[in-house]
Amino acid sequence: MKDFVIKYYGRMRDYLLEANTEDADVGSIAFEVDRLKEEFYYETDEDVFSTDSEYEEQNAVWGLFKKFDRLHGNDSNFVVRDPESLLAKKLDLGLGTYVPPCPFSEEDFPKIQKIIINHIIKRAKTAEDENSKPLLKGVAQSELSREQMNYIVDKITRISHTLTDYVDNYDDGSWNWQIDCRFIAQYVFEKAAELTYKVAMGETPDEPEYDIREAFSYFQLSVPDNFQMKLDSEVDKLDSIVLDITDFIEKNDYHLCNKLTWFYPMIFDIALNGMFYTLEQKL
């Protein structure tokens, strides 16, 4: 790993942690981040990476820039969050919160779930362009026993139901789900990766703790830095996938149905991809 990448990655992580503090001067930190981003752009523009690992390391820094921008960038100024749930709310334009009824029957719901899952699977295995690689390659580097796999899938299933119940409980029709899905998807992907890493390394993890409110801040995992960097190198790729998925769901009016029909399969499969992604790494 090149020293300059370590330097920038460490500085960006410090900025994210500093911005998380209660009395943080986020405007001042954002100014420093913009300057750091410009410095990193020029330094990497002159540096030609020769291996996949060098490419991945540089992308990890860009991943932290993306995380900061998502939390504190210009667009974040237009995000209003409910003080209790922290869920994003649609801007009140004085038109009320009318939500059209679901255009599908209950008999269609299982089919819709499968359509969403199949779309995510295909998207995760498809590269953005000829110069990039897909999120999942389909080649495992680590193996788990059937018991270990069942353990992880059971935890992913339970947390997916818990998060679905959470948003369903607080959504009064004003939830800005397109914005929050980017945060929540990153959260479940990384938390599932963390759980899988620990199981694969032979650890006996404590009962996984999930708090959806963590997703709307800079959260940290208890994994080695080299593995966290792998996850951070995929931030932009995962973000692109999630935007595609939410556009797909909205275009087909699936979001007008109950959360179990569209939100649950989305976060469940993204978390499952976090497990598969981890098993594709050399741990």
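Excluded from the calculations below are hydrogen atoms, water molecules and symmetry mates; all remaining heavy atoms, backbone and side chain alike, are included.
A salt bridge links Arg13 to Asp225: one of the charged nitrogens lies within less than 4.0 Å of a carboxylate oxygen. Residues Glu56 and Lys230 are paired through a salt bridge, judged by an N-O separation under 4.0 Å between the basic side chain and the carboxylate.
Residues passing the side-chain hydrogen bond (donor to acceptor under 3.5 Å, both in side chains) test with Asp34, sequence neighbours excluded: none. The side-chain contact (heavy atoms from CB on, under 4.5 Å) search around Glu280 returns Leu136, Lys137, not counting sequence neighbours. Qualifying side-chain hydrogen bond (donor to acceptor under 3.5 Å, both in side chains) partners for Arg182, counting only residues two or more places apart in sequence or in other chains: Asp239.
At a threshold of 4.5 Å between side-chain heavy atoms, the hydrophobic network of Ile, Leu, Val, Met, Phe, Trp and Tyr places Leu238 and Ile121 in two separate groups.
Here side chain to side chain donor-acceptor pair (under 3.5 Å) pairs that include residues 241-258, with residues two or more places apart or in two chains, are His119-Asp244, Gln178-Glu250, Asn258-Thr261. Residue pairs meeting the disulfide bond (SG atoms under 2.5 Å apart) criterion with at least one member in residues 118-190: none, sequence neighbours excluded. Evaluation of the side chain to side chain donor-acceptor pair (under 3.5 Å) test over residues 18-32, restricted to residues two or more places apart or in two chains, returns Glu32-Arg35.
Note that Arg81 lies in the cation-pi zone of Phe183, set by a 6.0 Å cut-off to the ring centre and a 45° limit from the axis. Lys89 forms no cation-pi arrangement with Tyr170, by the criterion of a distance under 6.0 Å to the ring centre and an angle within 45° of the ring axis.
Under the 3.5 Å distance criterion, with hydrogens and angles disregarded, no donor-acceptor pair is assigned to the side chains of Ser142 and Gln281. If you check the side chains of Ser105 and Glu107, you find a donor sitting under 3.5 Å from an acceptor.
Between the side chain of Glu194 and the backbone N or O of Ser222 there is at least one donor-acceptor pair closer than 3.5 Å. Side chain of Asp180 to main chain of Leu87: no donor-acceptor pair is present (N/O by atom type, distance under 3.5 Å, no hydrogens or angles). Distance alone, capped at 3.5 Å, places no donor-acceptor pair between the Glu190 side chain and the Gln228 backbone. Distance alone, capped at 3.5 Å, places no donor-acceptor pair between the Ser240 side chain and the Lys237 backbone.
By the 30° and 60° cut-offs, the orientation of the rings of Phe268 relative to Tyr264 is parallel.
For Phe263 and Trp175, the gap between ring centers is short of 6.0 Å.
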